[in-house]
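Input: a single structure, listed below in C-alpha cells.
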Amino acid sequence: MASRTLRKRLHHGDVDGKNNEHLETSGSDDLNEPLLGNYYSDTHAEESTIEETWDDERRKEHLHWTLLFSQLIAQWARWLANIVLGSGSLIGRLLTFPSTTQNGQSTKLLAPPLSPLQEARLRKLRQRLEVPFDGSRVEHQDALLQLWRLAYPDKELPPLKSELWKQMGWQGSDPSTDFRGGGFISLENLIFFAQQYPESFQRLLHKQDGTRAEWEYPFAVAGINISFVLAQMLDLQSAKPASLAGIRFLELLQEDEMAFDNLYCVAFQMMDAQWLAKRASYMEFNDVLKSTTSQLERELALEDVSSVKDLPAYNMLRR
C-alpha cells in the first residue's frame with residue numbers, strides 16, 4: 001500500500017454544535033499547523049486544510065453562540081444577585097462580561113481572576129505546548145516507541161523509521177515528520193489516552209466500533225489534529241483565554257492538573273462517534289472535526305460541569 005496514495009481503512013489485520021473558531025496562529029513552530037489536510041497530498045492537493053475551512057461565515061456563527069451563552073450567564077447572575085445581596089465575591093466569580101463590537105457581537109469574554117493554582121497549572125500547560133517534537137532527542141524517540149508498545153503490546157518494536165508506522169496511521173515511514181502542528185504534547189496526549197483509557201484507545205485504533213467507512217481517517221495523524229484543534233478552541237496561546245470554552249476550561253484546570261489530557265481523550269472519542277453518526281469518509285474529516293469542537297463547546301458551557309468527568313461525552317470512554 002503506497003504511502004502517497006489514498007489508502008483504505010486500516011483493518012485489525014493491518015496491525016492496527018458546528019466548528020472551532022478560536023484560531024489564533026502564532027509565529028512560532030508550535031501548534032500552528034494542522035496536518036490531516038496534507039495527509040494524501042498527491043491525490044488530494046486541492047483539499048482544504050482545517051484552517052481554510054474556518055471561514056468568516058462560520059466565525060460569525062460561533063460569535064452568535066458565544067453571545068447567546070454570555071447573555072444567559074449574565075441574566076442568571078443578575079437573578080442570583082437579586083437573591084444574594086451583598087455577595088459580590090460570588091457574583092464576581094460567576095459573571096463573565098462580554099465586550100462587544102459596533103454590531104453588538106461578542107468578540108471576547110473577560111475571565112475571572114485566576115487562583116495561584118490555576119496560574120501555575122496554566123503556565124505548565126503552555127510550556128508543554130511550546131515543545132516541538134524533535135526526532136533527534138532520545139526522550140522523544142523513547143516516547144514514540146512507548147506509544148508503539150502501548151498500541152501493539154504483542155508486536156516487536158519497529159525501527160524509528162519503518163513502513164510499519166503507517167499501519168498506526170502515520171503519514172510515512174518516519175513519524176517524526178508528522179508532528180509539525182501538534183508538537184510533543186500531541187504524542188503525550190496519545191500516550192496518556194493509551195494508558196488511562198486503554199479499552200477506548202484500542203477500539204479507536206483498530207476501528208472496532210460501528211460500521212466503518214471504506215476510506216477511514218488515519219488514527220495517529222487524526223490524534224495530532226485533535227491536540228492542535230483543542231489548544232486553539234481553548235484559546236491557550238492567548239495571554240489569557242477569552243473564549244467561553246477557554247474560561248470554562250480554566251475551572252476544570254483548578255480541579256485537575258491533567259484536564260487538557262483528559263479532555264483530549266473525550267474529544268477523540270467524541271470525534272469517532274461523530275464520524276460514525278455522519279457515516280463520514282476521509283474527505284469529510286474536517287467537517288467531522290468541526291462538529292466535534294462545536295459539541296465539545298456546548299458541553300463545556302453546561303452549568304453543572306466542574307470537571308472533565310462531568311461532561312456527558314466522558315461517559316463514552318472505557319478503561
Side-chain angles (χ1 to χ4, degrees), residues 17-26 30-32 34 50-51 54 58-59 61-74 77 92-101 105-130 182-183 185-186 189 225-267 270 289-290 292-303 305-308 310-311 313:
K18 298 289 182 186
N19 68 333
N20 166 29
E21 301 300 339
H22 303 291
L23 180 60
E24 296 186 5
T25 304
S26 67
D30 55 287
L31 284 174
N32 59 6
I50 292 174
E51 294 148 305
W54 295 328
R58 300 283 187 168
R59 183 173 291 105
E61 181 180 352
H62 171 75
L63 292 177
H64 166 76
W65 282 106
T66 301
L67 178 60
L68 178 60
F69 284 134
S70 63
Q71 288 174 338
L72 290 175
I73 293 171
R93 181 175 67 85
L94 295 176
L95 182 59
T96 56
F97 299 93
S99 63
T100 59
T101 64
Q105 291 181 315
S106 176
T107 57
K108 63 179 182 179
L109 302 173
L110 300 179
L114 301 183
S115 69
L117 181 60
Q118 284 174 308
E119 290 181 347
R121 289 178 172 178
L122 181 58
R123 181 167 56 252
K124 183 177 179 180
L125 177 57
R126 282 174 171 159
Q127 290 172 350
R128 292 175 62 197
L129 290 170
E130 292 172 358
I185 194 172
S186 59
N189 291 154
N225 274 268
I226 292 172
S227 295
F228 167 83
V229 169
L230 189 59
Q232 297 294 329
M233 185 193 77
L234 299 177
D235 205 18
L236 294 177
Q237 290 188 315
S238 299
K240 194 172 185 179
S243 67
L244 181 62
I247 292 172
R248 293 306 306 273
F249 172 73
L250 295 178
E251 299 174 13
L252 306 186
L253 202 58
Q254 173 75 26
E255 303 299 324
D256 178 13
E257 183 177 10
M258 304 305 292
F260 183 84
D261 301 77
N262 278 304
L263 195 59
Y264 169 88
C265 299
V266 172
M270 185 186 291
L289 198 57
K290 288 186 291 182
T292 301
T293 56
S294 180
Q295 180 182 348
L296 194 56
E297 286 177 321
R298 290 194 296 270
E299 293 200 6
L300 284 170
L302 296 174
E303 292 183 3
V305 171
S306 59
S307 72
V308 175
D310 292 331
L311 294 170

- Message: Test of understanding: with side-chain contact (heavy atoms from CB on, under 4.5 Å), list the residues that count as partners of Gln254, not counting sequence neighbours.
- Response: Ser115, Leu117, Gln118
- Message: So does Glu299 get a backbone contact from the side chain of Arg248, meaning a donor-acceptor N/O pair under 3.5 Å?
- Response: no
- Message: How long is the straight-line distance from OG1 of Thr292 back to CG of Leu230, given to the nearest 0.5 Å?
- Response: 11.0 Å
- Query: To the nearest 0.5 Å, what is the distance between CG (Asn189) and CG (Asn262)?
  - Reply: 10.0 Å
- Query: Which is it for Ile247 and Asp235 under the side chain to side chain contact (heavy atoms under 4.5 Å, CB included) test, yes or no, and what are the steps along the way?
  - Reply: CA-CA 9 Å; Ile247 292 172; Asp235 205 18; over 6 Å; no
- Which heavy atom of Ala301 sits nearest a heavy atom of Leu244, and at what distance? CB-CD2, 4.1 Å
- Item | Flag, side chain of Arg126 to backbone of Ser238, donor-acceptor distance under 3.5 Å | yes
- Would you call Phe249 and Leu125 a side-chain contact if the rule is heavy atoms closer than 4.5 Å? yes
- Message: Which residues pass the side-chain contact (heavy atoms from CB on, under 4.5 Å) test with Ser306, not counting sequence neighbours?
- Response: Asp310
- Message: Using the rule given for side chain to side chain contact (heavy atoms under 4.5 Å, CB included), can you reason through Val305 versus Leu252, listing the C-alpha separation, both sets of side-chain angles and the distance that settles it, and then say yes or no?
- Response: CA-CA 8 Å; Val305 171; Leu252 306 186; 4.0 Å; yes
- Query: Could you go step by step and tell me if Val308 and Leu311 meet the side chain to side chain contact (heavy atoms under 4.5 Å, CB included) rule?
  - Reply: CA-CA 6 Å; Val308 175; Leu311 294 170; 4.2 Å; yes
- Taking C-beta and beyond as the side chain, do Met233 and Leu300 meet within less than 4.5 Å on heavy atoms? yes
- Report the distance from atom CZ of Arg121 to atom CG of Leu114, rounding to the nearest 0.5 Å. 12.5 Å
- Message: Within the 4.5 Å heavy-atom criterion, are Leu129 and Ser227 side-chain neighbours or not?
- Response: no
- Query: Heavy-atom count around Lys240 NZ within 6.0 Å, excluding the residue itself: above 12?
  - Reply: yes
- Test side-chain contact (heavy atoms from CB on, under 4.5 Å), reference Phe260, set Ile185, Leu253, Leu122, output is Ile185
- Message: Could you go through Glu251 and Glu255, starting from their C-alpha distance and side-chain angles, then the distance that decides it, and tell me whether this counts as side chain to side chain contact (heavy atoms under 4.5 Å, CB included)?
- Response: CA-CA 7 Å; Glu251 299 174 13; Glu255 303 299 324; over 6 Å; no
